[in-house]
*Asks:* 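Structure below; questions to follow.
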Amino acid sequence: MAENVIAIDGPAASGKSTIAGMVADRLGIPYINTGNMYRAVTLHAMRQGLDLSECSEDKLAPVLKQIKLDYVKTASGQYEIMLNGEFPGAKIRTPEVASFVSLVAALPNVRTWLIDKQREFARLGRIVMEGRDIGTVIFPGAQYKFFLTASPEERAKRRLAQDGEAPDGATVESIAKAIAERDLLDSTRKTAPLKKADDAILIDTSGMSIEQVIEHILRYIK
Ligand code: CDP
């Protein structure tokens, strides 16, 4: 089934979500953003009043039991995440959620809980799936694998331009620091670290327009 998957991985704010969504649109196939799953788990844990600066598997285990994640096909034809019957929308994109999500995503029991849910999407047929470990762990046999990066400064500028995702008063420097902290946590964790798959196509999107990146990717995909 993995031969139907187009995997797009890369570090925070590398433009993955925009690109993955638009590539899926052009191909007329579903787009699944796996970061939203980790963000939804984090939001739910925060709502339970847990102090996530001290994260542990024991702390998150009961939380996972309370969560039902669904992907619902919306009028646009795309799949949107639903957390216990609610579309969390922008609530999972806040700076608070972003500050804790990498601690939650490092926990092996959280990742194990999400693996089957992510692999199940292969039943939809051809899909674009975006995250950190899609080409390495979730679908190592994916038909196409892309790893998107951009310079730290460019990524910070992109995040600053995304409404509601930067704290009030944020600067390119402060955001670059927050992104670097998350990248470090994501790439040094023991379970499924952020890493380019050996057979993934590396695209440094610094200085490239969205359209250029999309065209570059589509050239590989028949
Ligand atoms: O959009 P942005 O690049 O900021 O991040 P995201 O794709 O929404 O992912 C948020 C966080 O979830 C990442 O920093 C990782 O800690 C975690 N994540 C992961 O561990 N594995 C994935 N496949 C996707 C996200």
Side-chain angles (χ1 to χ4, degrees), residues 5-22 31-46 52 55 60 69 71 80-81 83 88-121 127-140 142 145-152 154-167 170 175-197 200 205 213:
V5 174
I6 298 167
I8 301 188
D9 290 302
S14 54
K16 295 180 313 293
S17 304
T18 307
I19 302 294
M22 291 178 74
Y31 155 56
I32 309 297
N33 174 329
T34 60
N36 284 346
M37 299 184 184
Y38 292 95
R39 286 172 178 270
V41 171
T42 304
L43 175 66
H44 184 80
M46 283 166 58
L52 294 178
C55 253
L60 265 289
L69 287 184
Y71 267 75
E80 198 169 325
I81 194 165
L83 168 62
K91 296 191 190 104
I92 55 174
R93 306 280 336 167
T94 62
E96 290 72 32
V97 170
S99 69
F100 293 121
V101 64
S102 292
L103 298 172
V104 172
L107 301 172
N109 61 341
V110 172
R111 303 200 74 83
T112 305
W113 189 74
L114 285 174
I115 278 184
D116 290 344
K117 296 186 198 313
Q118 293 171 2
R119 290 194 177 142
E120 261 174 35
F121 284 109
I127 56 167
V128 175
M129 187 172 275
E130 177 229 324
R132 301 288 186 289
D133 60 344
I134 311 307
T136 51
V137 174
I138 304 302
F139 291 116
K145 299 182 187 179
F146 299 94
F147 193 87
L148 302 191
T149 59
S151 69
E154 180 124 357
R155 293 196 277 136
K157 283 186 184 154
R158 288 177 187 170
R159 184 65 18 124
L160 197 55
Q162 277 167 316
D163 265 355
E165 295 204 17
I175 295 190
K177 186 163 169 278
I179 289 177
E181 279 167 10
R182 194 139 61 89
D183 285 351
L184 184 69
L185 284 170
D186 288 345
S187 53
T188 57
R189 69 178 173 227
K190 288 210 176 71
T191 315
L194 164 69
K195 181 173 168 290
K196 178 187 159 310
T205 67
V213 181

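Just so you know, ligand 1 is whichever comes first in the structure, and atom 1 is the first atom listed for that ligand.
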*Asks:* Using a cut-off of 6.0 Å, state whether more than 12 heavy atoms not belonging to K117 lie near its atom NZ.
*Replies:*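 More than 12 within 6.0 Å, yes.
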*Asks:* What is the nearest protein non-hydrogen atom to atom 10 (C) of ligand 1, stated with its residue, atom name and distance?
*Replies:*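 Among all protein heavy atoms, the one nearest atom 10 (C) of ligand 1 is R182 NH1, 3.6 Å.
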*Asks:* Between R132, R155, E181, flag the one that comes closest to atom 22 (C) of ligand 1 by a heavy atom.
*Replies:*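 Nearest heavy atom to atom 22 (C) of ligand 1 lies in R132.
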*Asks:* Between T34 and L114, is any pair of side-chain heavy atoms under 4.5 Å apart?
*Replies:*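 They are not in side-chain contact.
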*Asks:* Can you sort out which atoms of ligand 1 are near D133, meaning under 4.0 Å from one of its heavy atoms?
*Replies:*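 Near D133, the atoms of ligand 1 are 21 (N), 22 (C), 23 (N).
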*Asks:* Report the residue from L83, V97, N33 that forms a side-chain contact (heavy atoms from CB on, under 4.5 Å) with R39.
*Replies:*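 Going through L83, V97, N33 one by one, the side-chain contact (heavy atoms from CB on, under 4.5 Å) with R39 is satisfied by V97 alone.
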*Asks:* Could you check whether any side-chain N or O of R119 sits under 3.5 Å from a backbone N or O of I138, counting only pairs where one atom can act as donor and the other as acceptor?
*Replies:*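 Checking the backbone N and O of I138 against the side chain of R119, a donor-acceptor pair under 3.5 Å is found.
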*Asks:* Consider every N or O of R189 and every N or O of ligand 1, then say whether any pair is closer than 3.5 Å.
*Replies:*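 Min N/O separation from ligand 1 is below 3.5 Å for R189.
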*Asks:* Would you say P88 and I81 make side-chain contact, with heavy atoms under 4.5 Å?
*Replies:*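 Contact flag for P88/I81 side chains = yes.
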*Asks:* Do side-chain atoms of R111 reach the backbone of A105 as a donor and acceptor pair under 3.5 angstrom?
*Replies:*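 Flag set: sc R111 to bb A105 pair under 3.5 Å.
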*Asks:* Have a look at D186, L107, L148 and point out the one with the heavy atom closest to atom 14 (O) of ligand 1.
*Replies:*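 When every heavy atom of D186, L107, L148 is considered, D186 comes closest to atom 14 (O) of ligand 1.
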*Asks:* Considering non-hydrogen atoms of the protein only, which is the closest contact for atom 1 (O) of ligand 1, and what is the distance?
*Replies:*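 Here the closest protein heavy atom is R93 NH2, 3.0 Å.
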*Asks:* Any nitrogen or oxygen of S17, main chain or side chain, under 3.5 Å from a nitrogen or oxygen of ligand 1?
*Replies:*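 In fact, backbone or side chain, S17 has no N or O that close.
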*Asks:* Regarding ligand 1, does N36 bring an N or O atom to under 3.5 Å of one of the ligand's N or O atoms?
*Replies:*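 By distance alone, the answer is no.
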*Asks:* Output yes when the distance from some N or O of ligand 1 to some N or O of Y38 is under 3.5 Å, and no in every other case.
*Replies:*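 For ligand 1, there is no N or O atom that lies under 3.5 Å from one belonging to Y38.
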*Asks:* When you look for heavy atoms under 4.0 Å from ligand 1, do you find them on the side chain of M129, its backbone, both, or neither?
*Replies:*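 The answer is neither.
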*Asks:* Identify the closest protein heavy atom to atom 20 (O) of ligand 1: which residue and atom is it, and at what distance?
*Replies:*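 In this structure, atom 20 (O) of ligand 1 has R111 NH1, 2.7 Å as its nearest protein heavy atom.
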*Asks:* Is it the case that the side chains of T205 and R158 hold a donor-acceptor pair, with the cut-off being a distance below 3.5 Å and no angle test?
*Replies:*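 There is such a pair (donor and acceptor under 3.5 Å, judged by atom type) between the side chains of R158 and T205.
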*Asks:* One residue to check: K16. Relative to ligand 1, which of side chain, backbone, both or neither has a non-hydrogen atom less than 4.0 Å away?
*Replies:*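 Side chain only.
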*Asks:* Number the atoms of ligand 1 from 1 as they appear, then name those within less than 4.0 Å of a heavy atom of R159, with their elements.
*Replies:*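 Counting atoms of ligand 1 from 1, those under 4.0 Å from R159 are 1 (O), 2 (P), 4 (O).
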*Asks:* I'd like to check whether A13 has a polar contact with ligand 1, where a contact means an N/O of the residue lying under 3.5 Å from an N/O of the ligand.
*Replies:*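 N/O-N/O distance below 3.5 Å exists for this pair.
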*Asks:* At a 4.0 Å threshold, what atoms of ligand 1 neighbour a non-hydrogen atom of A105?
*Replies:*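 The list of qualifying atoms is 16 (O), 17 (C), 20 (O).
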*Asks:* Is a side-chain N or O of R93 found less than 3.5 angstrom from the main chain of E165, in a donor-acceptor match?
*Replies:*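 Judged by distance alone, no pair lies under 3.5 Å.
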*Asks:* Keeping K196 on the side-chain end and F147 on the backbone end, is there a donor-acceptor pair under 3.5 Å?
*Replies:*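 Not confirmed, K196 side chain does not pair with F147 backbone.
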*Asks:* Among protein heavy atoms, which lies nearest atom 24 (C) of ligand 1, and at what distance?
*Replies:*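 Here the closest protein heavy atom is T34 OG1, 3.4 Å.
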*Asks:* If the cut-off is 4.0 Å to any non-hydrogen atom of A12, which atoms of ligand 1 fall inside it?
*Replies:*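 That gives atoms 3 (O) of ligand 1.
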*Asks:* Looking at R189 and D133, is any side-chain nitrogen of the basic one under 4.0 Å from a carboxylate oxygen of the acidic one?
*Replies:*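 Salt bridge flag = no for R189 with D133.
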*Asks:* Mark up the atoms of ligand 1 that fall under 4.0 Å of a heavy atom belonging to R39, in ascending order.
*Replies:*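 So the atoms of ligand 1 that pass are 1 (O), 2 (P), 4 (O), 5 (O), 6 (P), 8 (O), 10 (C).
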*Asks:* Just verifying a value: how many Å separate N109 CG and L60 CG, rounded to the nearest 0.5 Å?
*Replies:*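 The distance works out to 6.5 Å.
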